[in-house]
2 protein chains.
Amino acid sequence: MSQITLKDIAKALNLSPSTVSRAMKNHPAISAETRALVQEYAETHKYKPNTLAMQLRTNRNTTIGVIVPEIVHYFFSTVLAGIQQEAESEGYNLLFCHSNEDYAREVRSVETLLDARVCGILASQSKTTEKFDHFQEIIDNDVHLVFFDRICTGINTDKVVVDDYAGAYNAVEHMIHTGCQRIAFLGSTPSMPIANNRRMGYEDALRKNKLPVDKNLSRICDTVDLAREIVPKLLKSDSLLDAFFCINDEVAAYCMQIVKSAGYRIPEDISVCGFTNSYITEVTDPTLTTVDQHGFEMGKVAARLLINRIEGKETKPGVVSRLIKTELVLKGSTREVVQ
Amino acid sequence: MSQITLKDIAKALNLSPSTVSRAMKNHPAISAETRALVQEYAETHKYKPNTLAMQLRTNRNTTIGVIVPEIVHYFFSTVLAGIQQEAESEGYNLLFCHSNEDYAREVRSVETLLDARVCGILASQSKTTEKFDHFQEIIDNDVHLVFFDRICTGINTDKVVVDDYAGAYNAVEHMIHTGCQRIAFLGSTPSMPIANNRRMGYEDALRKNKLPVDKNLSRICDTVDLAREIVPKLLKSDSLLDAFFCINDEVAAYCMQIVKSAGYRIPEDISVCGFTNSYITEVTDPTLTTVDQHGFEMGKVAARLLINRIEGKETKPGVVSRLIKTELVLKGSTREVVQ
DNA sequence: TTTTTTTGTGCAAACGAATGCACATCTTTT
DNA sequence: AAAAGATGTGCATTCGTTTGCACAAAAAAA
């Protein structure tokens with residue numbers, strides 16, 4: 001009863017709904033006179049087109065679904081901000097889903113988004129996902145899908161990823177150039193491409209610099225709890241250890257605490273490097289050297305790509321992959337380069 | 001062309017769309033036989049009701065709009081996670097908007113959400129908002145509105161807030177009990193109720209404990225840049241200063257850095273307390289005493305309240321206010337209580 | 001003046017689902 | 001056997017738009 005419709009305007013001005021509809025969209029067949037009349041009436045009576053009806057009729061809509069595995073998370077919230085900005089500037093809305101690293105919730109999120117008839121989906125996979133039927137269903141429903149960061153290798157679709165390999169390679173090589181010789185890698189499950197690529201970057205940097213690759217120094221350690229268990233063991237078992245390259249900033253920060261409380265100095269005795277460049281890197285003591293992932297840009301690029309697909313501006317058949325460059329950000333937890 | 005409709009089912013089974021519609025919703029007037037027939041056909045052909053059409057016809061929908069001022073932000077992302085969980089469990093979707101502390105974007109967000117015909121809106125105000133017409137418009141459109149955390153005092157509607165006053169009071173009193181005598185407050189603009197309430201809690205705790213309230217120790221200092229400028233000045237001008245109570249954890253963390261580099265020990269010489277209990281409180285050195293705001297619970301409570309309004313389960317006329325309790329979390333940046 | 005073209009409107013049928021009402025058919029009651 | 005009730009379906013309309021097509025009225029050309 002509150003919202004006024006095209007019909008109401010038509011009745012009030014003694015016109016037909018079709019004329020009003022056309023007048024509102026500046027259809028050339030409508031006289032300037034009626035057009036002005038209609039638009040003025042619409043303006044003063046605060047007419048708002050009913051998006052639902054419009055979408056139903058035209059069978060196209062401007063809502064994009066987003067699935068993130070975690071939201072209380074510097075990187076993903078940054079990506080979301082980027083997605084939001086790009087989407088908003090192109091007139092798209094965002095339907096937000098949160099899988100919370102849970103496969104079942106991820107599947108439900110997909111259902112929700114398909115039910116809501118979104119025109120495209122941006123997704124980053126949860127850690128626990130090992131089946132991909134739900135993602136395939138998106139494609140089977142002719143809904144565009146772009147993966148970002150945690151891509152799903154089982155599905156052939158567009159993706160935007162960070163250059164994890166290069167990020168890891170550069171970080172590790174930098175530590176080597178500062179004199180580190182035995183560098184541990186605190187990684188994540190190798191089934192995740194991002195983790196695997198970083199491990200490969202780490203190993204290649206060692207090899208390239210003629211350092212041994214010791215499998216014992218490469219661990220799955222992607223949570224605070226695991227860090228508390230693993231880092232002390234590593235320190236004890238290997239007295240020559242002089243650096244940690246970590247899968248994310250949190251693990252790196254906790255690693256630093258443990259290393260410090262074990263009596264080592266950072267970076268003089270042991271160097272530590274994180275991944276992401278979240279704000280915690282500024283408040284640790286010393287500040288934490290890290291690899292910036294440019295999450296905001298990733299979000300924008302992913303949204304851009306999806307929208308281009310939706311609007312038919314990106315016509316390349318097959319898979320489009322975008323690579324976001326990483327950047328080593330030197331702070332206080334690594335040493336100066338040895339001349 | 002991919003999605004099958006009620007009509008399609010009707011045609012295939014030689015029934016009318018109305019019968020199919022009723023069969024799908026287990027309408028009692030439909031025979032068990034037809035019902036089974038229809039539901040089986042729907043199942044095997046992956047029928048998905050068109051939400052748009054349904055919403056258009058019934059004039060009710062299950063999408064809630066959310067406006068947050070910042071998303072790369074521990075507290076707000078936590079609240080969002082809470083909102084998401086509650087909404088999802090009740091079958092509601094979330095349309096996500098991000099004002100980025102910008103009034104104009106906030107206004108646009110409201111427009112977007114009203115255009116999308118959401119059934120309710122959860123909002124937290126941006127720092128730069130001083131006019132409230134856009135919020136009033138939500139109410140004028142008969143859309144339910146619940147504010148959380150950064151409420152808008154100019155609008156009469158339901159709200160969920162943290163008990164900022166008690167949080168501040170308890171934190172400051174605790175520092176007094178540990179022997180602190182001159183406590184500075186690094187606050188935010190007093191036009192924000194949350195900032196003002198914390199200041200009042202701070203001042204009352206001083207008064208109650210017979211300590212002087214020195215306006216000079218109470219500053220607007222809610223960003224890192226301001227902290228860099230203000231904290232050193234305070235330290236220089238007041239050699240008796242022995243504590244900082246800060247508006248958020250970031251400011252507190254930077255404050256600690258400055259205090260430490262000025263040669264003071266924390267907490268022996270100077271105590272520091274933050275607000276939020278974000279993960280940075282665990283990685284500073286020492287760890288940071290803080291006031292937990294229970295963001296996740298706030299999100300759940302706010303969503304719950306909004307949904308109750310939408311579904312008519314909360315019938316109280318006038319404004320419903322929910323208060324989320326805060327909790328002092330003692331870590332390493334404050335001393336033990338003096339016996 | 002008649003025919004043709006232009007110009008502006010309106011009609012009606014979609015889009016996919018929900019629903020009040022009418023109507024057959026079958027069962028039960030009188 | 002006739003009337004009344006119960007049971008299951010279908011018709012038609014509605015939600016608010018969009019859009020192909022027809023069609024008046026006015027302007028231009030013949």
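Each chain gets a letter, A, B and so on, in the order the sequences are listed, and its residues count up from 1.
Identified under the salt bridge (charged side-chain N to carboxylate O under 4.0 Å, His left out) test for residues 4-18 of chain A, with sequence neighbours left out: none. Counting only residues at least two apart or on different chains, the side-chain hydrogen bond (donor to acceptor under 3.5 Å, both in side chains) pairs with a member in residues 15-24 of chain A are Ser16(A)-Ser18(A), Ser16(A)-Thr19(A). For residues 23-34 of chain A, every residue pair satisfying the side-chain hydrogen bond (donor to acceptor under 3.5 Å, both in side chains) rule, not counting sequence neighbours, is listed here: Asn26(A)-Gln39(A), Ser31(A)-Thr34(A). Pairs engaging residues 117-132 of chain B under the side-chain hydrogen bond (donor to acceptor under 3.5 Å, both in side chains) rule: Glu106(B)-Thr129(B), Ser126(B)-Thr128(B), Ser126(B)-Thr129(B) [sequence neighbours left out].
Rounding to whole angstrom units, CD1 of residue Ile9(A) and C1' of dT17(D) are separated by 12 Å. The interatomic distance linking Arg117(B) (CZ) with dG16(D) (P) rounds to 9 Å, in whole Å. In this entry the distance linking CE of Met24(A) with C1' of dT17(D) reads 12 Å, nearest Å. Atom NE2 of His27(B) is separated from atom C1' of dT9(D) by 11 Å (rounded to the nearest Å). Between the NZ atom of Lys11(A) and the P atom of dT17(D) there is a distance of 13 Å, given to the nearest Å.
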### Query
Once each nucleotide of nucleotides 19-27 of chain D is scored for protein heavy atoms under 4.0 Å, what B/S/- sequence comes out, 5' to 3'?
BBB------
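Every residue meeting the salt bridge (Lys or Arg N to Asp or Glu O under 4.0 Å) condition with Glu311(A), not counting sequence neighbours, appears here in chain and number order: Lys313(A). Every side-chain contact (heavy atoms from CB on, under 4.5 Å) that Arg60(B) has, sequence neighbours left out, goes to Thr58(B). Remark: Glu111(A) pairs with Glu137(A), Lys48(B) by the side-chain contact (heavy atoms from CB on, under 4.5 Å) rule, at least two apart or across chains. Remark: Gln293(B) engages Phe75(B), Asp149(B), Val162(B), Arg198(B), Phe275(B), Thr276(B) in a side-chain contact (heavy atoms from CB on, under 4.5 Å) (not counting sequence neighbours).
Protein chain B touches strand DNA chain C; the 5'-most and 3'-most nucleotides with an atom under 4.0 angstrom of its non-hydrogen atoms are dC15(C) to dC21(C).
Surrounding CG of Asp115(A) are more than 12 heavy atoms belonging to other residues, nucleotides or ligands, all under 6.0 Å away.
The closest side-chain donor-acceptor pair between Gln136(B) and Asp140(B) falls under 3.5 angstrom.
Using cut-offs of 30° and 60° on the angle between ring planes, the pair Phe96(A) and Phe96(B) is tilted.
Among the atoms of the strands shown, only primed sugar atoms or phosphate atoms (P, OP1, OP2) are found under 4.0 Å from some heavy atom of Leu6(B). Among the atoms of the strands shown, only primed sugar atoms or phosphate atoms (P, OP1, OP2) are found under 4.0 Å from some heavy atom of Leu15(B). Heavy atoms of Asp8(A) sit nowhere under 4.0 angstrom from any nucleic acid atom.
If you check residues 37-48 of chain B against DNA chain D, you find no residue with a heavy atom closer than 4.0 Å.
Listed for the Arg35(A) side chain is no donor-acceptor partner under 3.5 Å among the backbone atoms of Ala23(A).
Both Ala53(B) and Ala32(B) sit near DNA chain D, but only Ala32(B) has its closest nucleotide nearer the 5' end.
Electrostatic pairing of Glu101(A) and Arg150(A) counts as a salt bridge here, judged by a charged N lying under 4.0 Å from a carboxylate O. Lys300(B) and Glu88(B) are not joined by a salt bridge, as no carboxylate oxygen comes within less than 4.0 angstrom of a charged side-chain nitrogen.
In the helix from dT4(C)-dA27(D) to dT30(C)-dA1(D), the rotation axis of the first five pairs and that of the last five pairs differ in direction by 70°, rounded to 10 degrees.
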